[in-house]
Amino acid sequence: MSKPSPINPLRLGLIGFGCVGQGLYDILQKLPEPGFVVQRIAVKNPSKLRPLPAERFEFHADDLVNDPELDLLVEVIDDPNEAFRLVSQALQLGRKVATANKAMVARHLPELLDLQREFGGALLYEASVCGSIPVIRTLDSYFGQEPLHSVSGIFNGSSNYVLTGMTTAGVDYATVLAEAQAQGFAETDPSLDMAAFDPRSKAVILAAHAYGVLLNPDEVLNLGIESISSADIRFAAERGQKIKVVASLLRLPAGGATVFVTPQFVDADSPLYHVEREFNGVVVDAAFAGQHFWRGRGAGGHPTGSAVLSDLVALRNGFRYAYPKLTETTAATSVAPDLELEVYVRHAPKELRQALQLTDIGDALSAPGFSYDYVVGYTRLSTLLQHRDALRAAGVFVARTGKVRSVTAEPKPELITAELVAE
Ligand SMILES: NC(=O)c1ccc[n+]([C@@H]2O[C@H](COP(=O)([O-])OP(=O)(O)OC[C@H]3O[C@@H](n4cnc5c(N)ncnc54)[C@H](O)[C@@H]3O)[C@@H](O)[C@H]2O)c1
Ligand SMILES: N[C@@H](CCO)C(=O)O
């Protein structure tokens with residue numbers, strides 16, 4: 001790779017020219033000496049109106065992957081399967097690639113690691129998690145040796161935007177979701193955001209860097225806000241709380257780590273309480289450094305383009321992730337052991353409520369003919385995972401209170417950890 005200078009910048013192949021691709025392109029035009037030039041741009045739809053002359057675009061991404069004149073590739077398309085095909089092909093050619101595609105990275109990380117080891121290429125994906133918050137490189141490099149008690153936060157801008165609109169302005173769900181889509185925050189299929197598949201992918205990626213575990217996303221609990229109602233938001237407000245979609249990565253006292261993503265009641269003294277709109281927030285509780293909190297824009301063309309740019313600079317400098325906590329033992333870990341979570345469950349049909357086997361019921365409202373009914377109690381993480389699809393299909397809203405404890409037969413098991421956000 002030639003040394004960059006204003007007259008000899010590195011040549012980029014840009015695959016995808018949607019929200020993120022255009023955001024990156026615009027940033028590069030605005031920088032006085034970007035050190036990069038967008039040499040070729042591959043798009044999919046020939047008839048789409050675009051803000052650059054038609055001759056700037058071509059339609060076969062493979063041509064960019066195979067072009068040895070390009071120094072770096074940027075993959076920012078919205079199709080994870082095609083993204084994996086293109087990125088793995090590029091890595092087989094030993095190319096250096098930056099991607100924003102968290103669904104692709106989360107599902108294929110083991111193969112992507114193998115391809116880099118075998119062919120010497122490099123893949124960076126800072127833009128795939130929490131937009132412009134530099135969380136991956138910080139966990140991988142700065143906290144590479146330090147044990148982390150927990151990493152938790154708001155990892156999805158669209159659902160947080162919807163919650164802010166419903167909570168602070170009383171806007172209805174559909175209207176505020178349409179706003180998030182219009183601003184380019186949401187995925188092409190917005191149910192990936194609203195049902196928390198997107199933050200689940202991000203949590204799986206962070207688990208590799210924070211704990212050295214390679215998780216199958218399907219084994220990680222994700223519950224979203226598709227069924228949230230103003231009654232749930234009022235329930236939280238009456239207790240001085242807000243509902244946020246919180247991803248939790250926890251190191252367990254018995255060893256190993258576990259990950260889950262669900263709505264959660266968040267107290268006013270939590271840093272996450274104040275994270276609004278498309279902003280994301282990450283709370284890290286490190287063994288020696290203590291608590292860190294980062295807040296920044298989690299979605300949008302410029303914030304995400306900024307994260308891609310930082311990857312391009314890192315690739316130019318020869319940086320690659322070290323995965324310092326990943327060993328043969330940790331890589332084989334799956335989500336376990338089980339935990340008990342205290343949850344608020346609204347509007348569950350009788351069979352599902354029974355299936356959750358709630359214990360230590362703390363609060364409940366149920367009256368014949370009354371449309372609002374809820375119950376608060378403990379259930380197992382594994383039970384929620386088992387019934388996740390049924391809960392979603394039945395329109396049941398589930399939120400964690402933040403209390404988590406080990407599974408035990410005792411009626412009052414020892415509280416092993418109250419998550420930071422619930423303190
Ligand atoms: N929008 C955000 O705020 C944001 C933030 C972080 C990460 N991401 C991720 O970045 C990626 C792109 O997101 P986006 O918001 O820019 O999506 P987008 O829908 O705005 O743009 C994606 C573009 O890729 C094009 N495309 C699809 N297949 C293609 C192919 N084979 N070759 C060339 N072009 C192809 C589509 O036609 C579309 O124009 C996704 O993986 C997304 O999850 C988005
Ligand atoms: N759809 C994602 C984009 C950023 O990853 C979000 O709303 O957070």
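Worth saying up front: this structure is predicted, and the values here are computed from it rather than measured. Read the numbers this way: they start at 1 and go in the same order the structure lists the ligands and their atoms.
Of the protein's non-hydrogen atoms, Cys19 CB, 3.5 Å is the one closest to atom 15 (O) of ligand 1. Considering only non-hydrogen protein atoms, atom 4 (C) of ligand 2 sits nearest to Gly298 O, 3.2 Å. Here the protein heavy atom with the shortest distance to atom 7 (O) of ligand 2 is Ser158 OG, 2.6 Å. With hydrogens left out, the protein atom closest to atom 21 (O) of ligand 1 is Gly18 CA, 3.2 Å, a heavy atom. The nearest protein atom to atom 10 (O) of ligand 1, hydrogens excluded, is given as Ala100 CB, 3.4 Å; this is a heavy-atom distance. With respect to atom 8 (O) of ligand 2, the closest heavy atom belonging to the protein is Gly157 N, 2.7 Å. Looking from atom 31 (N) of ligand 1 to the surrounding protein, the closest heavy atom is Glu82 CG, 3.5 Å. Among protein heavy atoms, the minimum distance from atom 33 (C) of ligand 1 is reached at Val43 C, 3.4 Å. At the top of the distance list for atom 6 (C) of ligand 1, counting protein heavy atoms only, stands Thr304 CG2, 3.2 Å. At the shortest separation from atom 5 (O) of ligand 2 among protein heavy atoms lies Lys102 NZ, 2.6 Å. The protein non-hydrogen atom at the shortest distance from atom 43 (O) of ligand 1 is Glu187 OE1, 2.7 Å.
In summary, the atoms of ligand 1 found under 4.0 Å from a heavy atom of Ala127, numbered by their order in the structure, are 6 (C), 7 (C). Less than 4.0 angstrom separates some heavy atom of Asn101 from each of these atoms of ligand 1: 41 (O). Against a heavy-atom cut-off of under 4.0 Å, Asn156 is close to the following atoms of ligand 2: 2 (C), 6 (C), 7 (O), 8 (O). Remark: ligand 1 atoms within the under-4.0 Å shell around heavy atoms of Gly184 are 1 (N), 2 (C), 3 (O). Set against the non-hydrogen atoms of Lys202, the atoms of ligand 2 under 4.0 Å away are 2 (C), 4 (C), 5 (O), 6 (C), 8 (O). Each of the following atoms of ligand 1 lies closer than 4.0 Å to a heavy atom of Val76: 12 (C), 22 (C). Each of the following atoms of ligand 1 lies closer than 4.0 Å to a heavy atom of Ala299: 3 (O).
Looking at ligand 1, you won't find any N or O of Gly21 less than 3.5 Å from one of its N or O atoms. Of the polar atoms of Phe185, at least one N or O is found under 3.5 Å from an N or O of ligand 2, judged by distance alone. Ligand 2 has a nitrogen or oxygen under 3.5 angstrom from a nitrogen or oxygen of Glu187. Taking any N or O of Asp79, backbone or side chain, none lies under 3.5 Å from an N or O belonging to ligand 1.
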Checklist line | salt bridge (Lys or Arg N to Asp or Glu O under 4.0 Å) evaluation trace for Glu75 with Arg85 | finding: CA-CA 11 Å; Glu75 179 282 301; Arg85 191 188 68 77; over 6 Å; no
Item checked: Check against salt bridge (Lys or Arg N to Asp or Glu O under 4.0 Å), Arg392 and Asp389 -> CA-CA 5 Å; Arg392 190 176 167 214; Asp389 296 344; 5.8 Å; no
Next item on the list: Check the pair Tyr323 / His209 against ring pair (Phe, Tyr, Trp, His ring centres under 6.0 Å), numbers first and verdict last.
Entry: CA-CA 6 Å; Tyr323 302 92; His209 296 273; 4.7 Å; yes
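With a 4.0 Å cut-off on non-hydrogen atoms, Asp193 touches ligand 2 through its side chain and not its backbone.
The shortest separation from a heavy atom of Gly300 to ligand 1 is under 4.0 Å, placing the residue in contact. Between Ala42 and ligand 1 there is a heavy-atom distance shorter than 4.0 Å. Within the structure, ligand 1 has Thr188 among the residues with a heavy atom less than 4.0 angstrom away. Not a single heavy atom of Glu278 lies less than 4.0 angstrom from ligand 2.
Between Val20, Leu24, Ile77, Val308, it is Ile77 that holds the heavy atom closest to atom 40 (C) of ligand 1. Comparing Leu14, Asp78, Thr99 by heavy-atom distance to atom 27 (C) of ligand 1, the nearest is Asp78. Between atom 38 (C) of ligand 1 and the options Lys44, Lys48, Lys102, the minimum heavy-atom separation is to Lys48.
Sparse packing is recorded around CD of Gln145, with 12 or fewer heavy atoms of other residues, nucleotides or ligands lying under 6.0 Å away. Atom CZ of Phe288 has 12 or fewer neighbouring heavy atoms from other residues, nucleotides or ligands inside a 6.0 Å radius.
We find that Arg251 and Asp285 are not joined by a salt bridge, their nearest charged nitrogen and carboxylate oxygen being 4.0 Å or further apart. For Arg295 and Glu276, the salt-bridge test fails: no basic side-chain N is under 4.0 Å from an acidic carboxylate O. A salt bridge is defined here as a Lys NZ or Arg NE, NH1 or NH2 lying under 4.0 Å from an Asp or Glu carboxylate O, and Arg297 with Glu278 meets this definition. Residues Asp218 and Arg107 are paired through a salt bridge, judged by an N-O separation under 4.0 Å between the basic side chain and the carboxylate. Salt bridge annotation for Asp67-Arg40: present, with a cationic side-chain nitrogen under 4.0 angstrom from a carboxylate oxygen.
Ring pair Tyr344/Phe235 is tilted by interplanar angle, where 30° to 60° counts as tilted. Taking the six-membered ring where tryptophan is involved, the planes of His292 and Phe143 are perpendicular, since the angle between them exceeds 60° and thus also 30°.
Note: Tyr125 and Tyr321 meet the aromatic proximity criterion, with ring centroids under 6.0 Å apart.
Arg137 forms no cation-pi arrangement with Tyr142, by the criterion of a distance under 6.0 Å to the ring centre and an angle within 45° of the ring axis.
Nearest heavy-atom pair, Ser152 versus Val246, reported as atom, atom and distance to 0.1 Å: CB-CG1, 4.5 Å. In terms of heavy atoms, Ile77 sits closest to Ile15 at CG2-O, 3.5 Å.
Between Asn45 and Arg50 the shortest side-chain heavy-atom distance falls below 4.5 Å.
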